[in-house]
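Take a look at the structure set out below.
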Amino acid sequence: MKVFTNERLNEQVLFKELDSGLKIYFMPKPGFVKKYAVFSTNYGSIDNVFVPIGEDKPVEVPEGIAHFLEHKLFEEEEANIFDKFSKLGASVNASTSFNQTSYLFNTTDHFYQCLEILIRFVQSPYLTDENVEKEKGIIAQEIKMYDDNPAWRVFFNCLRAMYINHPIRIDIAGTVDSINTITKEMLYKSYNTFYHPSNMVLFVVGDLSFEEIIETVKKSEKKYELKSIDIDRIFEEEPRRVNEKLIEDTMSVSTPLFYIGFKDYDLGLEGREAIKKDLITNIILDMLFTPSAKFYNDLYNDGLIDSNFGAYFSGKKTYGHSIIVGQSNVPEKIYERIEKLFAKNPREFLAKEDFERLKKNELGNFLMGFNSVESIANNFIDLYFDKFNILDYLDVLESIELDDLLDRFKKHFNSENMVLSVVRPN
Amino acid sequence: MEFSNERVKLGNGIYLNLIKTSKFKSNLLSYYFVRPLNKDEVTKNALIPLVLKRGTKDLNTSIEIEKKFEDMYGANYSSTINKRGERHVLRFSAEWANGKYLNDKELNYGVVELLRQIIYNPYIENNAFSKEYVEQEKENHRIRIESKINDKRSYAVNRCIEEMCKYEDFSLYSLGYVEDIDSINEINLYQQYKNILNTSQIEIFFVGDYDEGFKRFLIDNNRVEIENPVDIPREKIITRVEQKNMIEDCLDVNQGKIVIGYRTGVAFEDDLYNALLIASDILGGGPNSKLFRNVREKESLAYYISSSIIKYKSIMLIDAGIEFENYQKTINIINAQLDELKLGEFSEDDIEISKKSIITSLKSIRDSIFHISEFFFSQILAKDSRSLEQVMDDFESVNKEQIIEAAQKINIDTIYFMNGKK
């Protein structure tokens with residue numbers, strides 16, 4: 001067992017790797033009523049070309065299969081998983097992102113029983129032709145719900161404007177057509193490749209005992225022959241240019257929504273370096289596009305934006321992008337103003353004083369994030385798959401200097417890698 | 001574990017509620033102003049927080065305010081406006097990191113002072129708000145109201161309530177109306193602001209760690225007398241449905257949305273109210289519910305389907321997203337499931353599951369600084385003096401007969417359907 005401690009945060013994370021290869025992390029939260037467990041696999045919508053375990057040639061699976069599998073793992077031969085959790089007063093859920101699929105529950109009582117059910121149901125898929133067929137109607141409605149969501153549409157159009165080959169372009173849930181081609185066999189193939197314990201992590205947070213957590217997992221987990229497997233994920237090379245400068249669409253909305261994207265070429269990073277790049281980029285964006293920034297206020301006072309305006313950077317090992325979002329009657333004008341701003345010397349608008357203040361802001365917000373067991377767990381998992389321990393976050397934050405921002409700015413923000421996506425009223 | 005919860009009367013119509021806990025890494029201070037929900041006020045009330053955030057007497061621009069919050073370790077300021085029954089509630093809050101993790105003893109005082117400046121000491125020109133700020137925020141507010149169409153699920157729910165309650169103030173949209181924006185100016189908006197300060201019941205909540213000195217500070221700085229607090233009558237509850245409505249909107253959408261509004265007539269003060277909440281939960285509360293099992297899992301008709309109770313109006317709502325052509329099929333299943341509920345066709349297990357689910361969410365309130373404050377505020381609004389423990393115990397004691405009795409009071413009033421363009 002290993003213990004990671006951060007004195008300043010007054011928080012600890014305990015760690016143990018089981019013989020099966022499964023890694024368990026636990027953050028004690030004395031005094032909290034709620035207990036939360038997340039069982040995640042490093043497998044998301046972007047992993048759609050891979051060499052299946054036991055085979056030697058890569059396959060391309062239908063768009064949306066990771067998400068489909070997430071739905072189907074709730075199926076069991078006899079009992080209903082939802083029922084089992086409900087009877088214990090717990091609520092269970094799951095989610096699929098570009099990079100991960102997570103199964104989670106929260107409860108106030110009967111935690112260890114719930115944990116047992118969680119491990120067992122994720123490790124024992126029960127797929128039949130019939131239950132796969134049945135799910136298609138449900139997921140089709142989920143897809144259509146997103147099809148009517150303008151923020152989702154303008155976001156994906158922005159990704160499609162930036163990326164040429166990378167599977168981040170495809171919708172996490174797939175399309176109605178793509179999911180209709182999914183079969184039981186394909187689902188098992190994906191499952192067997194990506195749900196090996198060595199590709200997964202369990203994170204638990206709450207007022208609990210680590211020994212009992214470990215014992216519970218040990219008696220619940222399935223036995224695997226191999227201790228670890230190497231997964232061959234295949235990503236077609238992504239060119240260093242954007243796909244389209246502009247994507248326009250229409251929907252039933254009141255005011256045009258826009259996303260401005262900057263495609264990142266500084267890729268392949270993991271751990272501390274990846275998190276540092278992430279933080280640096282987000283601080284730059286905060287210095288320009290939050291209500292405390294001069295540029296934001298200039299646009300606001302000119303009536304070009306409202307308080308829905310904002311920006312963030314999001315990136316992983318194989319992709320990354322800064323995104324500026326808002327609603328406005330004149331998205332092109334905002335695009336131009338940003339283009340003009342970015343042509344200037346960044347020393348003019350990345351000021352030391354703002355930088356120091358935003359670091360303080362980030363520090364406080366990070367601390368407050370430790371109030372919620374859900375937020376702790378989700379952030380932990382997300383950073384874990386980037387090979388980073390959340391308790392080291394403040395050290396990285398404090399190591400950042402203004403020069404880092406200036407360097408990153410020159411590399412990342414220019415008009416060649418800039419795109420615009422707009423959804424207008426129809 | 002109970003909270004140590006103290007309620008201090010600061011003056012006529014204003015109370016300070018202190019909830020002491022050291023388990024969070026932050027503190028929360030909220031000011032709730034309770035207004036009647038009516039067409040005359042609603043648009044102005046919703047606009048006022050936007051204007052207040054533009055500047056205070058000392059910090060004349062929002063950029064100065066924002067910088068100050070960031071400098072206080074990213075203290076989060078927020079304001080909301082929403083309707084609770086036929087009350088319109090403005091909330092102004094700040095949540096900030098607990099100074100003990102930052103070696104900053106003055107932080108608490110600084111944040112309280114700034115929050116108070118935003119609420120009580122706005123930027124004023126000639127005894128009115130700034131014309132420039134008001135005009136800009138009117139335009140932003142217009143966009144904000146219009147963009148309610150962007151979220152189709154909540155738009156459908158609001159449309160159902162609007163039609164169902166068209167003769168009740170509860171039908172009012174909590175952000176107000178575009179047609180009422182034009183007549184607003186910096187003078188009449190400032191008058192309404194003064195009116196809010198002078199005639200609203202005010203509830204202040206502090207949740208977090210504090211010492212006697214800080215408590216004294218909160219008491220001394222918030223003392224005021226509300227001379228004539230506006231009287232807000234208890235909402236009327238409609239029990240009988242005179243005429244059933246069927247409303248259809250045709251929009252350019254991919255998914256049809258059904259929202260069904262029911263009158264139950266079971267007041268939240270009534271002993272049967274807990275049974276009604278459980279009945280609604282058995283019907284459409286979670287993944288174990290009748291609607292989820294039948295509409296989603298069995299028939300694959302929907303991804304989401306749920307039912308919920310609107311407390312102050314004793315209304316039940318069911319909403320679902322479906323294929324347009326499955327409208328009638330879905331309605332039939334919903335009707336059949338509701339009929340089963342009324343006939344008592346559900347098990348003791350179903351009751352236990354619903355009770356546990358409700359009790360787990362009640363227990364979880366203790367882990368969220370924000371939910372703690374909301375829970376106590378809602379108890380005050382409902383004039384309900386029970387503790388969280390008592391509320392949970394009362395759910396435990398509900399039996400099957402009571403659930404059936406409550407279910408039998410559920411009467412359909414309005415079906416709203418968002419259809420595609422034909």
Side-chain angles (χ1 to χ4, degrees), chain A residues 8-10 31-34 80 82-83 86-92 106-109 134-142 144-145 147-151 251-255 257 290-294 297 300-301 303 306-307 327 357-358 360-365 367-368 370-373 426, chain B residues 1 23-26 50 61-63 66-67 69-76 95-98 101-102 136 139-140 143-144 146-153 251-255 286-288 296-297 299-304 321-323 349 352-353 356-357 359-360 363-364 366-369:
Chain A
R8 219 164 112 198
L9 291 170
N10 191 23
F32 274 65
V33 190
K34 224 195 276 186
N80 174 316
F82 289 122
D83 269 4
S86 305
K87 280 182 185 153
L88 297 168
S91 67
V92 62
N106 71 64
T107 188
T108 54
D109 302 297
K134 185 208 83 180
E135 205 66 27
K136 290 178 180 172
I138 298 170
I139 295 177
Q141 287 313 312
E142 188 176 1
K144 290 194 171 186
M145 182 180 82
D147 284 344
D148 283 337
N149 180 334
M251 279 179 88
S252 153
V253 294
S254 51
T255 308
L257 306 181
T290 54
S292 68
K294 183 179 177 298
N297 282 274
Y300 193 96
N301 293 333
D306 61 18
S307 60
Q327 56 179 8
R357 195 186 63 248
L358 280 164
K360 237 174 139 182
N361 177 62
E362 184 65 31
L363 168 63
N365 278 314
L367 272 175
M368 286 191 265
F370 279 88
N371 276 346
S372 146
V373 295
N426 52 13
Chain B
M1 179 197 64
K23 87 178 193 189
F24 301 108
K25 287 192 162 61
S26 59
L50 303 183
T61 60
S62 48
I63 191 167
E66 292 290 343
K67 282 185 176 174
F69 275 124
E70 284 179 355
D71 205 39
M72 294 190 288
Y73 296 95
N76 288 320
E95 185 189 359
W96 65 99
N98 189 330
Y101 294 97
L102 303 159
Q136 270 181 3
E139 179 55 18
N140 288 335
I143 292 173
R144 184 156 74 135
E146 285 172 348
S147 63
K148 66 183 170 184
I149 185 76
N150 293 7
D151 182 343
K152 300 295 182 290
R153 184 173 178 180
L251 274 78
D252 185 16
V253 289
N254 294 291
Q255 183 176 61
N288 181 65
R296 174 171 150 148
E297 296 300 308
E299 299 289 339
S300 305
L301 291 171
Y303 169 67
Y304 74 84
I322 56 159
E323 211 57 59
D349 257 5
E352 271 319 294
I353 286 172
K356 276 185 179 144
S357 147
I359 287 166
T360 300
K363 275 188 188 166
S364 306
R366 297 191 189 113
D367 282 354
S368 156
I369 198 161

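Just so you know, these numbers come straight off a predicted model, no measurement behind them. Just so it is clear: chains get the letters A, B, ... in the order the sequence lines come, proteins before strands, and each one is counted from 1.
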Student check: side-chain heavy atoms of B/E66 and A/N361 closer than 4.5 Å: no
Where on A/S91 is there a heavy atom nearer than 4.5 Å to chain B: the side chain, the backbone, both, or neither? neither
Atom group of B/K363 that falls short of 4.5 Å from chain A, counting heavy atoms: both
Against chain B, label A/N371 side chain, backbone, both or neither, depending on which of its atoms sit under 4.5 Å from a heavy atom there. both
For chain B, the option from A/P291, A/G137, A/P150 that forms the most heavy-atom pairs under 4.5 Å: A/P291
Report which part of B/L251 has an atom under 4.5 Å of a heavy atom belonging to chain A: side chain, backbone, both, or neither. side chain
Any side-chain heavy atom of A/L358 sitting closer than 4.5 Å to one from B/E70? yes
Are the side chains of B/L301 and A/Q141 in touch, meaning some heavy atoms are under 4.5 Å apart? no
Would the distance check show the side chain of B/K356 and the main-chain N or O of A/L88 forming a donor-acceptor pair, the cut-off being under 3.5 Å? no
If you tally heavy-atom pairs under 4.5 Å against chain B, which of A/E362, A/Q327, A/R357 wins? A/R357
B/K152 side chain reached by A/S252 side chain, heavy atoms, under 4.5 Å: yes
Among B/D252, B/D71, B/N288, who wins on heavy-atom pairs under 4.5 Å with chain A? B/D71
In terms of heavy-atom proximity below 4.5 Å to chain B, should A/T290 be classed as side chain, backbone, both, or neither? side chain
Honestly, the part of A/S372 sitting under 4.5 Å from a heavy atom of chain B is neither
A/G31 backbone acceptor or donor facing B/K23 side chain under 3.5 Å: yes
So do B/N76 and A/N365 actually touch side chain to side chain, heavy atoms under 4.5 Å? yes
With a 4.5 angstrom heavy-atom cut-off, could you sort out which part of B/S368 is near chain A: side chain, backbone, both or neither? neither
OG of B/S26 to CE of A/M368, rounded to nearest 0.5 Å, is 6.5 Å
Rounded distance [0.5 Å steps], NZ in A/K134 versus CD in B/E299: 11.0 Å
Taking B/S62, B/S357, B/G286, B/A302 one by one, which has the highest count of heavy-atom pairs under 4.5 Å against chain A? B/A302
Any donor-acceptor pair under 3.5 Å from B/Q136 side chain to A/N301 backbone: yes
Below 4.5 Å, heavy-atom pairs only: which of B/F24, B/Y303, B/F69 has the largest tally toward chain A? B/Y303
Side-chain touch A/I138/B/E297, heavy atoms, less than 4.5 angstrom: yes
Nearest atoms (heavy-atom pairs only) where A/L363 meets B/Y73: CD2-CE2, 3.8 Å
Option in B/T61, B/I143, B/I369 with maximal non-hydrogen atom pairs under 4.5 Å from chain A: B/I143
How about A/K144 and B/E323: do any of their side-chain heavy atoms sit closer than 4.5 Å? yes
Between A/G364, A/S292, A/G303, which shows the greatest number of heavy-atom pairs under 4.5 Å with chain B? A/S292
Treating B/D367 as the side-chain partner and A/V33 as the backbone partner, does any N or O pair qualify as donor plus acceptor under 3.5 Å? yes
Relative to chain B, which of A/D148, A/L367, A/N426 shows the most heavy atom pairs under 4.5 Å? A/D148
Top contributor to chain A interface from B/N254, B/L102, B/T360 [non-hydrogen pairs under 4.5 Å]: B/N254
Among the options A/R8, A/K136, A/M145, pick out the one with the most heavy-atom pairs lying under 4.5 Å from chain B. A/M145
Among B/K148, B/Q255, B/M72, B/R153, which has the most heavy-atom pairs under 4.5 Å with chain A? B/Q255
Contact origin within A/A140 toward chain B - heavy atom pairs under 4.5 Å: neither
Select one option (side chain, backbone, both, neither) describing which atoms of B/D151 are under 4.5 Å from chain A's heavy atoms. neither
